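Take a look at the structure set out below.
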Protein chains: 2
Amino acid sequence: MVRSRAAVVAGAAELLLNDGPGAVTIDAVVQRTGVARSTIYRHFPTSTDVLRAAVEAVLPVSVPGESGDDDGERPNPTQLRDALRRRLRATADHLVGGAWTRALPALLELVARDPSLEEHRAQIVARHREPLLDLLRVVRDAGLLPADADLAVVADRLLGPLFYRRLVSGEPLTHELCDHLVDTVLTPGDPR
Amino acid sequence: MVRSRAAVVAGAAELLLNDGPGAVTIDAVVQRTGVARSTIYRHFPTSTDVLRAAVEAVLPVSVPGESGDDDGERPNPTQLRDALRRRLRATADHLVGGAWTRALPALLELVARDPSLEEHRAQIVARHREPLLDLLRVVRDAGLLPADADLAVVADRLLGPLFYRRLVSGEPLTHELCDHLVDTVLTPGDPR
DNA sequence: TCAGTACGAGACAGTATCGTACCGAAAGGG
DNA sequence: CCCTTTCGGTACGATACTGTCTCGTACTGA
């Protein structure tokens, strides 16, 4: 009973990532997973619920971990800057290679259409930004950011260009760009 | 001949904006516009082409004009900074109120699914960024940006956070944010 | 007046998806 | 060994959309 449900969700998630939300069809899930229609409808009241479960299953997974830097050491500025660079690079890599590339447009479309998914979107984004905000807090306490800096805005300045390039302009995400963004945020006296 | 085609495109665009790309159906366009099926198929080979025309019709319109600053006057730095602020504010307003809010997720979904639309996306983005890049070129020539600054990256740093907020995080776009972004880009010696 | 054209109206077959209903096989407990 | 639960396998009706086709009408210029 649990197994078949999990298979349905997994198959629907694959379809969502590979072919978009429009491809998450009962028939497609049946054919992909081998689970019978009747079984699917025994677990989910309607096909929309299957899609929701797939969205829920896909997106939280793709939040990059990369913690463990928070060892209470009292790192020096250079270490902090490098940590921030690594974090942003990891985010960029995740944005390029991971499920986000496929799932994000689908999720945005779904949210634009179904406001009841808005809550999920907020949770997902919050979970995504949290590690970065934690790191930025440390960075600010270390004096690398103004004490009154709005960390949310700083996060926007770091993540925004990455997402913009990935989603909108289609330009490549390089590690150089990440480092450059970190520099523009961190050291107010370093132009370019 | 022109009238009915225009009506089809307009109706399809409305459907695209109101109910998403999945709602752009021949039947729906017929019912909305009063144009007959046969007429639609006389103008467009397939329903996908109707959708393409709708996308094309919606998005270029929403590129804000706001030119006319280019009068070869030789403006002073304050004027340039204000012009950049106005331009970014206009972009933000357009992002909030205009068709972009609805159309962009739809377009991103379409592009993710149909690679042949990639070209359209690139054109649209280019047309969207061009005025900003022109302005940035003037700004750089005036010495408000480093002479070797990569204007594309500067544009990313201005537009990225706006699009990120609008598309991903859902946070509000304020004029203060726009001004702040302009400040972080322009004056390398002004932190916060 | 007449022919050409653009257009509306709608029928039609083909396909895809949905959700339901019914049947039979496999498995596990009593 | 039987009985209940769980599940796969279809068959089915109901829609919705597509693309093609035919027919009738209004306009337009020679």
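Atom set for the values below is all heavy atoms of this structure, side chains included, hydrogens, waters and symmetry mates excluded. A note on names: the letters A, B, ... follow the listed sequences, proteins ahead of strands, and every chain is numbered from 1. Computed from a predicted structure; not experimentally measured.
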Of the listed nucleotides [options], the one nearest the side chain of [X]:
| X | options | result |
| --- | --- | --- |
| B:Ser38 | D:dG8, C:dT17, C:dG10 | C:dG10 |
| A:Ser47 | C:dC7, C:dC18, D:dG8 | C:dC18 |
| A:Asp27 | C:dT17, D:dT18, D:dG8 | C:dT17 |
| A:Tyr41 | D:dG9, D:dC7, C:dC18 | C:dC18 |
| B:Thr39 | D:dC17, C:dC7, D:dG8 | C:dC7 |
| B:Val35 | D:dT18, C:dG8, C:dT20 | C:dG8 |

- Message: Pick the closest DNA chain D nucleotide for B:Gly22 and for A:Thr33 by heavy atoms, then say which residue is nearer the 5' end.
- Response: A:Thr33

- Across the strands shown, which category fits A:Val30 at heavy-atom distances under 4.0 angstrom: base, sugar-phosphate, nothing? nothing

- Message: Taking A:Arg129 first and then A:Asp156, would you say they form a salt bridge - that is, a charged N and a carboxylate O separated by under 4.0 Å?
- Response: yes

Given atom [atom1] of [X] and atom [atom2] of [N], what is their separation to the nearest angstrom?
| X | N | atom1 | atom2 | result |
| --- | --- | --- | --- | --- |
| B:Ile40 | D:dT20 | CD1 | P | 13 Å |
| B:Leu15 | D:dA16 | CG | C1' | 15 Å |
| A:Ile26 | D:dT10 | CD1 | P | 18 Å |
| B:Leu51 | D:dC17 | CG | C1' | 14 Å |
| A:Phe44 | C:dC18 | CZ | C1' | 16 Å |
| B:Asp49 | D:dC17 | CG | P | 19 Å |

- Task: Check whether the side chains of B:Asp93 and B:His175 place a donor and an acceptor atom closer than 3.5 Å, and report yes or no.
- Result: yes

[X] vs [Y] side-chain heavy atoms within contact, under 4.5 Å:
| X | Y | result |
| --- | --- | --- |
| B:Leu107 | B:Val58 | no |
| B:Leu145 | B:Val185 | yes |
| B:Val168 | A:Val125 | yes |

- Message: With a 4.0 Å limit, can you tell me whether B:His43 has a side-chain N or O closer than that to the phosphate oxygens OP1/OP2 of C:dC7?
- Response: yes

- Query: Can you find a donor-acceptor N/O pair under 3.5 angstrom joining the side chain of B:Arg37 to the base of C:dG10?
  - Reply: no

- Note on the structure: 5'-most contact on DNA chain C (nearest-nucleotide basis), A:Ala28 vs A:Arg42, goes to A:Ala28

